[in-house]
Structure formats: structure tokens, C-alpha cells
Amino acid sequence: MPTVTKVTQQRRAGRYNIYLDDDYAFAVDEKVLITYNLFKGANLEDADIETIKAAEFKQKAYTQALVYATGQMRTSQQVSQKLSERGYAAHVIQEVVQRLTDDHVINDELYAQTYVDQAISAGKLGPRGVQFKLQQAGIDKFVIEDALVAYDVDDQVAALTVRVANLLEKNSRYSKFMAEQKTQQKLLQQGFDLNLIKQAIQNYRSNETPDEMLEWDNLDRDATIAANRYADYTGWEFKQKVKAMLYRKGYDLNLVDKWLRQNH
């Protein structure tokens, strides 16, 4: 029966080399060392050694998952996926995830609540956007629903007030109509409610000082591009093609007619 004759500590904290009958046998984590009483003089059956090696393998998986999960908050699915990528079997992953859950290292409910709170504070994602992100992270749909209760209409309105102003400014090189469409599309992609988006845009427009020159300058730039593109056409056909291009860009046709009268 093999006997533990020496135990030495590795340079890496918490790791130990085990010698059986004066020959190096294997290395273990400190937790495994203590759990299986691997100290000098201990006698081990072959079955004991296999059990210890299996426990060490699971402990290695746990340690790797622990490092991954404590760097930032992780979900059960994220930890499972990381361990799967490292080649661990499903039953080992299941045990590790359960252990991390029992140790309060991972907590999907807390993750969801924290993510929602941070999203509200940042104001960059609406409720549906948050829901999608949490689904990607593997959070149960009922957990998501409970967490999203905290994201109310007032939070959306506050976020949209800021987001609409920023996006309309960013899209100011487009026609007024197109700038609003692009802003609306972006906010829908980010998961905000359509009716609230429209209301936020309307509120912004009602409070801004109209800049008629901006719309004209944008039209002049795009109309010049259109005129150059269709320079080979003349008369009615030329004007119709220019009009069609500018209409698609959201310009008022009366304004387009005015530009054509002044320039062609």
C-alpha cells in the first residue's frame, strides 16, 4: 500500500506536491490536501488515489471558474460555457456551477438585478435591450421579468430625453425627417418603446429653436450630389430623378422644387 512520504509546497500558493514511497506522485490543491488528509504517513489504496485525482480535477475546474467569476459578475451559463471551452465534462461543470452557487460566487438573480440597475443608470438600453442582453447571458426568463420590474416608464423617459438629443445632433447632417428616422431606428434597436421614442422626439422638436438654414444647407449638399449624378439627363427627366433621390432622403418636395428653380 503506497504511503505518503513527503509533501512539499509549490511556488504557486495553495498547491502541494505529494510523494508516495519517496517518488513524486501528483500535485493537489490545498483543499484536496486537507479533505483527504494527505500528510506524511498516510496510507493510500489504489482506489483512494483515483478518488483523490478525480477530486483534484474537479478542484482545478472550480479554481479556474472561481477566477473567471470573481473578475466580474458572471452568470451560470457564462461559467458553464467557459469550462466547456476548456474541455471539462458536463457532470464536472454541473458540480462546479452548483458549488459556486452555494458559495454565493455566482447568483443569476443578483446578476440580473445589478444589470438592470446599471442599464437604468447608463441610459443606453431600453427594457427590451436589457432583456435581450440578459437572455444572451443565459438568465431564466422569469428572473429577467422580475428584474425588469425596476425599469419603469419614468426611467425610459429620462433616458430618451438624453438619447434623443444626442442622436438628433449626431444625425444633423441628414434631412430633418431622415434624422428622426435614424434616431428612432437606433433607439428601437436599443430596446426602447416606440411610442415613448416618438414622444421624446416630438418633445425635443417642440422645445428646439428651428434652424431652417441647416435643412437648406443639407438639401443643397445632397441636391448637388444628385444633380451631378444625373448630369447626363435633361429637362423633366433630370428633375424627376433628382426629386426622387431627395425624396428618398426625406426632404420636402416643395423645398426641392425651390432648389431646382434656383439652380437649374
Side-chain angles (χ1 to χ4, degrees), residues 68-82 84-85 106-212 214-215 217-219 221-222 225 245-252:
Y68 176 68
T70 53
Q72 67 181 70
M73 289 188 70
R74 306 287 186 183
T75 66
S76 299
Q77 177 178 284
Q78 289 170 339
V79 172
S80 296
Q81 183 175 346
K82 178 60 67 174
S84 179
E85 291 171 357
I106 54 177
N107 183 324
D108 284 359
E109 289 80 6
L110 180 60
Y111 181 100
Q113 292 166 9
T114 302
Y115 193 94
V116 170
D117 289 342
Q118 291 175 343
I120 293 172
S121 179
K124 294 182 179 180
L125 288 177
R128 285 195 296 274
V130 173
Q131 179 183 20
F132 178 72
K133 292 292 187 180
L134 290 175
Q135 287 172 340
Q136 283 188 313
I139 302 295
D140 178 82
K141 66 177 182 178
F142 296 112
V143 173
I144 295 174
E145 289 176 3
D146 289 343
L148 281 174
V149 171
Y151 202 152
D152 60 25
V153 172
D154 290 340
D155 294 319
Q156 280 199 75
V157 171
L160 285 169
T161 299
V162 177
R163 297 290 291 139
V164 162
N166 291 340
L167 286 170
L168 286 176
E169 176 64 27
K170 179 180 179 181
N171 293 320
S172 62
R173 66 180 299 274
Y174 299 100
S175 68
K176 184 177 179 180
F177 175 81
M178 190 61 69
E180 292 177 0
Q181 290 299 300
K182 285 182 173 293
T183 295
Q184 178 176 297
Q185 181 180 20
K186 182 67 173 180
L187 292 170
L188 279 173
Q189 291 172 348
Q190 292 171 340
F192 289 97
D193 178 79
L194 177 59
N195 291 327
L196 293 178
I197 295 170
K198 290 181 176 179
Q199 186 61 53
I201 292 174
Q202 181 179 331
N203 291 343
Y204 179 86
R205 291 304 191 195
S206 65
N207 292 321
E208 75 170 342
T209 302
D211 187 349
E212 295 180 1
L214 176 62
E215 186 78 353
D217 289 342
N218 286 336
L219 170 62
R221 181 194 65 244
D222 289 340
I225 294 173
M245 180 175 174
L246 295 174
Y247 180 76
R248 290 194 297 271
K249 289 181 176 292
Y251 292 105
D252 182 272

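Quick caveat: nothing in here was measured; it's all calculated off a predicted structure.
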Asks: Which heavy-atom pair separates D155 from A150 by the least distance, and what is that distance?
Replies: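 Minimum heavy-atom contact is OD2-O, 3.2 Å.
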
Asks: Drop me the distance from D217's CG to D222's CG, to the nearest 0.5 angstrom.
Replies: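 Result: 11.0 Å between the selected atoms.
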
Asks: Are the side chain of R128 and the backbone N or O of Q190 linked by a donor-acceptor pair below 3.5 Å?
Replies: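 Pair absent, no side-chain N/O of R128 close to backbone of Q190.
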
Asks: Looking at CD of Q131 and CG of L148, how far apart are the two atoms once the value is rounded to the nearest 0.5 Å?
Replies: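 Result: 6.0 Å between the selected atoms.
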
Asks: Within a strict 4.5 Å, meaning less than it, do heavy atoms of the M73 and I106 side chains meet?
Replies: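 Of all side-chain heavy-atom pairs linking I106 with M73, none is under 4.5 Å.
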
Asks: If you measure from CD1 on I120 to CG on D154, what distance do you get to the nearest 0.5 Å?
Replies: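 Here the interatomic distance stands at 11.0 Å.
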
Asks: Under the side-chain contact (heavy atoms from CB on, under 4.5 Å) test, which residues partner D252, sequence neighbours left out?
Replies: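 With sequence neighbours excluded, D252 shows a side-chain contact (heavy atoms from CB on, under 4.5 Å) to N254, L255, given in chain and number order.
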
Asks: If you apply the rule side-chain contact (heavy atoms from CB on, under 4.5 Å), what do you find for R205 with L168, and how did you get there?
Replies: CA-CA 10 Å; R205 291 304 191 195; L168 286 176; 3.8 Å; yes

Asks: Look at the side chain of E215 and the backbone N and O of K176, then say whether any donor-acceptor pair between them is shorter than 3.5 Å.
Replies: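 Looks like yes, one N/O pair under 3.5 Å.
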
Asks: Within the structure provided, determine whether N203 and T161 are in side-chain contact (heavy-atom separation under 4.5 Å).
Replies: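 Counting from C-beta outward, N203 and T161 never come under 4.5 Å.
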
Asks: Can you find a heavy atom in the side chain of K182 that is under 4.5 Å from one in the side chain of L167?
Replies: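 No; the side chains remain at least 4.5 Å from each other.
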
Asks: Does E85, at its CD atom, have more than 12 non-hydrogen atoms belonging to other residues, nucleotides or ligands within less than 6.0 Å?
Replies: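 Enclosed: over 12 neighbouring heavy atoms sit under 6.0 Å from CD of E85.
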
Asks: Between atom CG of L194 and atom CD of Q199, what is the distance when rounded to the nearest 0.5 Å?
Replies: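 Answer for the CG-CD pair, L194 versus Q199, is 11.5 Å.
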
Asks: Examine distances only and state if a side-chain atom of R163 and a backbone atom of T183 form a donor-acceptor pair shorter than 3.5 Å.
Replies: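 No, the answer is negative, given that no donor and acceptor are paired below the 3.5 Å cut-off.
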
Asks: Could you tell me whether a side-chain N or O of S172 sits under 3.5 Å from a main-chain N or O of E169, the two making a donor and an acceptor?
Replies: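 Yes; judged by distance alone, with no hydrogens or angles, the pair exists.
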
Asks: Can you see which heavy atom on Y151 is nearest to which on P127, and at what distance?
Replies: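 Looking at all heavy atoms of both residues, the closest pair is CE1-N, 3.8 Å.
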
Asks: Rounded to the nearest 0.5 Å, how far does NZ of K124 lie from CG of N166?
Replies: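 Answer rounded to 0.5 Å: 9.5 Å.
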
Asks: Does E180 pair with K198 as a salt bridge, N-O distance under 4.0 Å?
Replies: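 Salt bridge absent between E180 and K198.
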
Asks: Please assess Y174 against N218 for the test side chain to side chain donor-acceptor pair (under 3.5 Å), listing each intermediate value before the final yes or no.
Replies: CA-CA 6 Å; Y174 299 100; N218 286 336; over 6 Å; no

Asks: Is any side-chain heavy atom of V116 less than 4.5 Å from a side-chain heavy atom of L134?
Replies: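 V116 vs L134: side chains touch.
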
Asks: Take D193 and Q156 through the side-chain contact (heavy atoms from CB on, under 4.5 Å) test and state the conclusion after the steps.
Replies: CA-CA 8 Å; D193 178 79; Q156 280 199 75; 3.7 Å; yes

Asks: I would like to know whether R173 and R221 meet side-chain contact (heavy atoms from CB on, under 4.5 Å); could you show each step before the answer?
Replies: CA-CA 10 Å; R173 66 180 299 274; R221 181 194 65 244; 3.9 Å; yes

Asks: Within 45 degrees of the axis of the six-membered ring of Y115 and under 6.0 Å from its centre: does K133 put its NZ or CZ there?
Replies: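 No; the conditions do not both hold, so K133 does not lie above the ring face of Y115.
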
Asks: So, for A179 and N171, which heavy atoms are closest and what is the spacing to 0.1 Å?
Replies: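 Closest approach of A179 to N171, heavy atoms only: CB-O, 3.4 Å.
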
Asks: Could you pull out all residues at least two apart from V153 that satisfy side-chain contact (heavy atoms from CB on, under 4.5 Å)?
Replies: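 Partners of V153 under the side-chain contact (heavy atoms from CB on, under 4.5 Å) test: V157, L196.
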
Asks: Please indicate whether E208 has more than 12 foreign heavy atoms, meaning atoms of other residues, nucleotides or ligands, lying under 6.0 Å from its CD.
Replies: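 Correct, the count exceeds 12.
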
Asks: Has R74 got its NZ or CZ under 6.0 Å from the middle of the six-membered ring of Y68, at an angle within 45 degrees of the ring axis?
Replies: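 Because its charged atom sits under 6.0 Å from the ring centre and within 45° of the axis, R74 does stack over Y68.
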
Asks: Roughly how far apart are D146 CG and D140 CG, rounded to 0.5 Å?
Replies: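 Between D146 CG and D140 CG, I get 9.0 Å after rounding to 0.5 Å.
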
Asks: Apply side-chain contact (heavy atoms from CB on, under 4.5 Å) to residues F192 and K186 and explain how you reach the verdict.
Replies: CA-CA 9 Å; F192 289 97; K186 182 67 173 180; over 6 Å; no

Asks: Can you give me the closest heavy-atom contact between G250 and F177, atom names plus distance?
Replies: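 Heavy-atom minimum between the residues: O-CB, 3.4 Å.
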
Asks: Got a sec, which residues hit side-chain contact (heavy atoms from CB on, under 4.5 Å) with D108, two or more places apart in sequence or on another chain?
Replies: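 Partners of D108 under the side-chain contact (heavy atoms from CB on, under 4.5 Å) test: T75, S76, I139.
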
